[in-house]
Amino acid sequence: MIINFKEIPQANLGSGLQDTFELFSREFLEAMGFTTIEHPDRGADGKKDLIVSETRSGIGGETVIKWLVSCKHYIHSGKSVSDTDEPDIIDRVAAHKCVGFIGFYSTLPATSLSNKLRGYKDRLEYIVFDKERIERELLKSADRIKLANRFFPTSIAKHLLQNPKPAKIFQEEPKLNCQFCGKDLLKTKNGLFVVWSDGKERIGKNGDSFVEEQDVYYSCKGNCDNRLDYAYRKKGLENAGWNDIDDLLIPTLFIKSIMAYLNQLSKETVSHDVHEKMKHIYLNAFPHVLRDLTDKEKERVKLIMEFGL
């Protein structure tokens, strides 16, 4: 589980925050497209926490469906929601002039409740939002993640750290397309870039001999790389090295790569094509590295630094 439902205070304590789970359920259901008809309150509620409506469109026009919502926040005890926790469902739905029942739970429904609801399937509609389904829906979009951040700030902060998104610093979305199939390598997470030379030795700025890099291609690993590799070798060029694009998106390794390239330029020359393509790679990778390292990336950096990969 990514979201820790214990971030929402217990519902049975008089802390002034005991209504938080019900308020969260209202915001969640509205984000799902429901409209709130009766909001949570602390009065006698007739065994309902709120009432929402759903508008359905069909050939005969629009139909408004009213749902009774029952919230059970048992995560602090770890208790599942049993059939005895949800008594008289049919009568409660009818008393509030609803036609559907929504169970909104921070744990899971017990088998007894699931069986009870299945027994009602010919008499009323029902939906159960348990902790797994709530989490899945909350993480579906940026807007829902913002909602989750209001109620679960610690969980979402940790999630965003381990699942970083590129910073929006350019007008257009950064892309690095495979030169064979055209797929965006910044999204596929399966790319590399390969440097090619003509194999001819030259004298560098410091008097040492070197082989000038003549071209670069970026591609998917596997078939695309193999096809481009064959084409470049037919031009008479030689493979002068390659780098994993996923490694380049790790902030520490991004800096390491840029410094290596700048150090190379201080001693040697590269062709105009190589320089332009390297600038394209670094510029489009840059929005992905304006962040902290994930735990997985920290391990990758440690491995690379230890073994000089």
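Keep in mind the model is a prediction, meaning the values are calculated, not measured.
The nearest pair of heavy atoms linking S25 to L50 is OG-CD2, 3.4 Å. Scanning both residues, L185 and G191, for their nearest heavy atoms gives CD2-CA, 4.1 Å.
Between E276 and K279 a salt bridge is recorded (basic side-chain N to carboxylate O distance below 4.0 Å). A salt bridge links D198 with R202: the closest approach of a Lys/Arg side-chain nitrogen to an acidic carboxylate oxygen falls below 4.0 angstrom. Ion pairing between a basic and an acidic side chain is recognised when a charged N comes within 4.0 Å of a carboxylate O; R300 and D246 show no such pairing. A salt bridge is absent between K205 and E268: the closest approach of a Lys/Arg side-chain nitrogen to an acidic carboxylate oxygen does not fall below 4.0 angstrom. Under a 4.0 Å N-O distance rule, the pair K66/E54 does not qualify as a salt bridge.
By the 4.5 Å heavy-atom criterion applied to side chains, E86 and R92 are counted as neighbours. Residues R233 and W196 form a side-chain contact, since some pair of their non-hydrogen atoms from C-beta on lies under 4.5 Å apart.
Using a 30° and 60° split on the angle between ring planes, F129 and F104 fall in the tilted class, from 30° to 60°. Using a 30° and 60° split on the angle between ring planes, F24 and F21 fall in the tilted class, from 30° to 60°.
Without hydrogens or angle criteria, D130 side chain to R133 main chain gives a donor-acceptor distance under 3.5 Å.
Ring centroid separation for the pair Y232 and Y217 comes in under the 6.0 Å cut-off.
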(request) Check the pair S257 / Y282 against side chain to side chain donor-acceptor pair (under 3.5 Å), numbers first and verdict last. (result) CA-CA 9 Å; S257 178; Y282 288 133; 2.8 Å; yes
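Both I65 and F28 sit in one connected hydrophobic cluster of ILVMFWY residues. Membership requires side-chain heavy atoms under 4.5 Å apart, directly or through other members.
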